Amino acid sequence: MPPHPETFKNFIAGEWRAPLTGEHFENRNPADWNDLIGLFPRSGPADVARAVESARRGFERWSRTPAPLRGQVLLRVGQLLAERKEAIARAMTREMGKVLAETRGDVQEGIDTAFYAATEGRRLFGRVVPSELRSKWAMSYRRPIGVAGLITPFNFPLAIPAWKAFPALLCGNAVIFKPAEDVPHTAHLLVEVLLEAGLPPDVIQLVHGPGSVVGRTMVEHPDVPVISFTGSTETGAVIGATCGRMHKRLSLEMGGKNAVIVMPDADLELALDGVLWGAFGTTGQRCTATSRLILHEQIHDRFLRMVCERAERLRLGPGLDERTEVGPLIHEEARNKVASYVGIAREEGATVAIGGEAPGGQALECGWFFRPTVLAGVTPGMRVEQEEIFGPVLSVIRVASLDAAIRVNNDVPYGLSSALYTSDLTTAFRAMTDLDTGITYVNAPTIGAEAHLPFGGVKQTGNGHREGGWEVYDFYSETKVVYVDYSGTLQRAQIDTYSAE
Ligand code: UN1
């Protein structure tokens, strides 16, 4: 262990700088808390103020750079990420725990998002439509908005910042990036890539620190007109209140309580692979994680046995070990929360079929590990059926029909992702139509969104915006309309329009 861990800096006003507070926080490996990755700035309001000032200067310049040239920078970003994929994946696993296959996928999602953004620089469509008056053009086009404040979570340390930052930049905005305190190293590596790719320094600012100070100052700052946040529904509500009062543009991506439904005509082996991946991938720490399993009564007992048997054998360990299937939770508080839900489940009358506790044994004793957990006998309305747990906990619910399954799926406050396994076409189309979520998978688990499709949910999951796909370009741009009248006379819309000769 080096006696002096590396001390990292913010990137503000074109330079890597120590925080004005002079304070730092530790970043430790969740699979081995003796592994100190580094010290990162615990920034304060004055750091944010300086970042905003600089970002405003960056915006003046970047917003005038032609979009295809902005796209070229994003192309280079994608290339650099591809070159550094392995190194970034390893750094990511070390600081947040998910297995290497998944952190490689996380970087790949960033690469895909960069290449998509690069090509969008030559599109960014507006519309030219016929005017109702003669000798007049009517058209709309996209303009950048200003400084965008991005607040991102720990579970996708590269992909989610990429989902937000790349389209924001492509549209001509400047960005202030506030990553989760658990994953500051990946954020640092991403900003290095952006700068090396040729992004003008004032256009990107990286400010580390607690959400309650850095995030809050950014959200309340009058010169940050756009905020994008992925995180808890509670924090999203506070941000939403401030943005509402200040008339800011806000994209919220929050909780989920996603279900997989398995019908009697499903390929059960296929469903089994999907459920294990959906529930225990990323140790259940995805907003799209499968946290409910709704089983038709005809296959309930058999499929529950199949899930328990396989889930029990999943290999827990440090994500850097290629044999590991399930890594640790992110920190102590997360593990306490998961454990408390197991207690709640018992009190509510559910049964802990497998797991329900931290693993024994010395090998894992210095990490925030928790055994894959299956709760049987869960009924609609129980807290473990309604609330987001964000851990490796699967609540199993028995139903008597497809109608009941759809009702149970829909009867939660969230609506991000859902999935149904069946071999019947009619059942599949019923599910696609009636499952009330932003995303539905047929014969695949609730996770696995692709970068070029819109990502987001209904109800308490979001506020109607989408990330990914083309839709996000709408969020990060302002539509302006231009009319050009070259008739040489005053033509009044709605009044001088009626003679068709
Ligand atoms: C999240 O669940 O927090 O669909 C983001 C997926 C990923 C992104 C998930 N591509 O699982």
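Quick note: numbers below take in every heavy atom, side chains included, and nothing from hydrogens, waters or symmetry partners. The chain is numbered in sequence order, starting from 1. What you are looking at is a predicted structure, and each value in this text was computed from that prediction instead of being measured. Just follow the structure's listing: the first ligand is 1, and inside any ligand the first atom is 1.
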Chemist: For the pair His188 and Phe8, name the ring-plane relationship: parallel under 30°, tilted 30 to 60°, perpendicular over 60°.
Modeler: perpendicular
Chemist: Check whether any side-chain heavy atom of His208 lies under 4.5 Å from a side-chain heavy atom of Pro179, and answer yes or no.
Modeler: yes
Chemist: Which donor-acceptor pairs under 3.5 Å do side chains of residues 456-464 form with protein atoms, sequence neighbours excluded?
Modeler:
unit_1: Lys459; atom_1: NZ; unit_2: Asn410; atom_2: O; d: 2.6
unit_1: Lys459; atom_1: NZ; unit_2: Val412; atom_2: O; d: 3.0
unit_1: Thr461; atom_1: OG1; unit_2: Gly255; atom_2: O; d: 2.7
unit_1: Thr461; atom_1: OG1; unit_2: Gly415; atom_2: N; d: 3.0
unit_1: Asn463; atom_1: OD1; unit_2: Leu252; atom_2: N; d: 3.0
unit_1: Asn463; atom_1: ND2; unit_2: Leu250; atom_2: O; d: 2.8

Chemist: For Phe177 and Ile204, work out which heavy atoms get closest and say how close.
Modeler: CB-CD1, 4.5 Å
Chemist: At a heavy-atom distance under 4.0 Å, which protein residues reach ligand 1? Sort them by chain and number, would you?
Modeler: Glu109, Asn155, Phe156, Trp163, Arg286, Cys287, Thr288, Ile447, Gly448, Ala449, Phe455
Chemist: Indicate yes or no: does Glu332 engage Arg335 in a salt bridge with an N to O separation below 4.0 Å.
Modeler: no
Chemist: Parallel under 30°, tilted from 30 to 60°, perpendicular over 60°: which one fits the rings of Phe455 and Trp163?
Modeler: tilted
